[in-house]
Amino acid sequence: MQNPLTAGSSIVRNSIILGVFAMVTVGLIALTQQGTASRIAEEQRRMQMSALNEILPHDQHDNDLLEDAFAINNRELLNLPGDAMAYRGKLDGEVVAVILPTIAPDGYSGRIDLLVGVRANGEIAGVRITNHRETPGLGDKVQLNKSTWVLDFNGTSLSMPAPENWGVSKDGGDFDQFTGATITPRAVVQAVYRALQYFEANRDQLLELNNEEPARG
């Protein structure tokens, strides 16, 4: 007849079982992440390329937007918490537009990630939402596949509309809000405006302009 396990032995045995189970689970998760990382990266690249080409269609540039990516130096105005890349659209070697990453930190459900395309003349080429957790059916109307609201930014600039009108209609601004959802469009409008301010403050660098005075002979 086998001796029954003491309370101490039972605790040790159960601890070992739980430890082994935890190690196996962590190992499986790590293997799954490793196995899917490349596919996730490729999918993110595909979605990013799709958004870039929606903002600046192929007939408006002749370069590879991803190949002309560059790091953002001053991230504060764009609310970027870490390293981020922007993109230049070129035509015959001249920069015709810049696509900036920016974040609206004050969405209804947290941060909203955007890409804001600005033409060399300072007008918005396009805006796309790349990530958010806003309420389905309300705040998610900032997505182009849910409504055309985001297209209202096209052609706007720091002066069109006037600075005091860069807001949603509820705040006296020129941009519509959604029925039952004001916080989300308000956050996006302000984020787009800050991207325009960033472009203006860094215009020469972004457009690769050389402002050196010509040599006098």
Side-chain angles (χ1 to χ4, degrees), residues 33 36-57 65-66 69-72 74-87 89 97-119 123-158 161 165-199 206:
Q33 287 181 331
T36 58
S38 60
R39 281 186 292 171
I40 292 174
E42 180 58 30
E43 179 63 14
Q44 289 175 335
R45 176 183 167 86
R46 187 192 66 76
M47 293 177 63
Q48 191 176 43
M49 195 65 213
S50 175
L52 293 175
N53 284 320
E54 284 181 10
I55 293 172
L56 201 65
L65 296 176
L66 290 180
F70 60 98
I72 292 290
N74 184 358
R75 303 189 296 263
E76 184 177 357
L77 196 56
L78 299 175
N79 283 307
L80 300 172
D83 294 339
M85 306 299 289
Y87 309 88
V98 178
I99 300 176
L100 301 169
T102 186
I103 290 174
D106 45 359
Y108 184 79
S109 299
R111 63 182 273 179
I112 302 170
D113 294 27
L114 307 91
L115 286 174
V116 179
V118 187
R119 300 190 189 281
E123 292 183 354
I124 293 288
V127 176
R128 293 293 184 275
I129 308 300
T130 57
N131 187 45
H132 74 85
R133 293 182 299 173
E134 300 302 284
T135 307
L138 292 174
D140 66 348
K141 291 179 181 177
V142 293
Q143 289 182 239
L144 184 58
N145 63 345
K146 300 293 176 65
S147 87
T148 59
W149 178 81
V150 76
L151 299 180
D152 290 346
F153 291 109
N154 293 0
T156 58
S157 66
L158 278 178
N165 293 329
W166 267 91
V168 297
S169 54
K170 186 175 183 179
D171 300 330
D174 282 7
F175 296 90
D176 292 336
Q177 70 246 358
F178 314 134
T179 302
T182 300
I183 295 176
T184 305
R186 179 187 288 148
V188 171
V189 169
Q190 293 306 310
V192 173
Y193 187 67
R194 288 193 296 270
L196 284 171
Q197 290 178 311
Y198 179 89
F199 176 84
L206 293 172

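- Here the CG atom belonging to Leu56 is positioned 12.0 Å from the CG atom belonging to Leu115, to the nearest 0.5 angstrom.
- Here the shortest heavy-atom pairing between Ile103 and Pro81 reads CD1-CD, 3.5 Å.
- Residues Leu100 and Ala195 approach most closely at CD1-O, 3.8 Å, considering heavy atoms.
- Within the 4.5 Å cutoff, the side chain of Pro101 has no heavy atoms near those of the Met85 side chain.
- A distance of 6.5 Å separates CD1 of Ile183 from OH of Tyr108, quoted to the nearest 0.5 Å.
- Pro185 and Asp176 make their closest contact through CB-O, 4.3 Å (heavy atoms, listed as atom of the first residue, atom of the second, distance).
- In this structure, Asn154 CG and Glu123 CD are separated by 10.0 Å, a value rounded to the nearest 0.5 Å.
- Taking both residues in full, the closest heavy atoms of Val150 and Val142 are given as CB-O, 3.7 Å, listed atom of the first, atom of the second, then distance.
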Using the side-chain contact (heavy atoms from CB on, under 4.5 Å) rule, take Tyr198 and Leu206 through it: C-alpha gap first, then chi angles, then the decisive distance, then the call. CA-CA 10 Å; Tyr198 179 89; Leu206 293 172; 4.1 Å; yes
Do Leu138 and Thr184 pass the side-chain contact (heavy atoms from CB on, under 4.5 Å) test, and can you show the C-alpha distance, the side-chain angles, and the key distance before you say yes or no? CA-CA 9 Å; Leu138 292 174; Thr184 305; over 6 Å; no
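- Side chain of Trp166 to main chain of Gly173: no donor-acceptor pair is present (N/O by atom type, distance under 3.5 Å, no hydrogens or angles).
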Step by step, work out the side-chain contact (heavy atoms from CB on, under 4.5 Å) result for Ile124 and Val116. CA-CA 7 Å; Ile124 293 288; Val116 179; 3.5 Å; yes
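- Nearest approach of Ala104 to Ala191, heavy atoms of both residues: CB-CB, 3.7 Å.
- In terms of modelled atom types and a separation under 3.5 Å, the side chain of Glu54 and the main chain of Arg128 share no donor-acceptor contact.
- Between atom CD1 of residue Ile112 and atom CG of residue Asp106 there is a gap of 7.5 Å, rounded to the nearest 0.5 Å.
- Using modelled atom types, one side-chain atom of Asp140 and one backbone atom of Gly137 make a donor-acceptor pair closer than 3.5 Å.
- A donor-acceptor contact shorter than 3.5 Å links the side chain of Thr102 to the backbone of Leu78.
- In this view, Phe153 and Trp149, Phe175 satisfy the ring pair (Phe, Tyr, Trp, His ring centres under 6.0 Å) rule, not counting sequence neighbours.
- Atom CG of Leu52 and atom CD1 of Ile99 lie 4.5 Å apart (nearest 0.5 Å).
- Residues satisfying the side-chain contact (heavy atoms from CB on, under 4.5 Å) test with Gln197, not counting sequence neighbours, are Leu77, Leu158, Tyr193, Arg194.
- At distances below 3.5 Å, at least one donor-acceptor pair connects side-chain atoms of Glu134 with backbone N or O atoms of Ser109.
- Expressed to the nearest 0.5 Å, how far CG of Leu114 lies from CD1 of Ile55 amounts to 9.0 Å.
- In this structure, the side-chain hydrogen bond (donor to acceptor under 3.5 Å, both in side chains) partners of Asp113, at least two apart in sequence or on a different chain, are Arg111.
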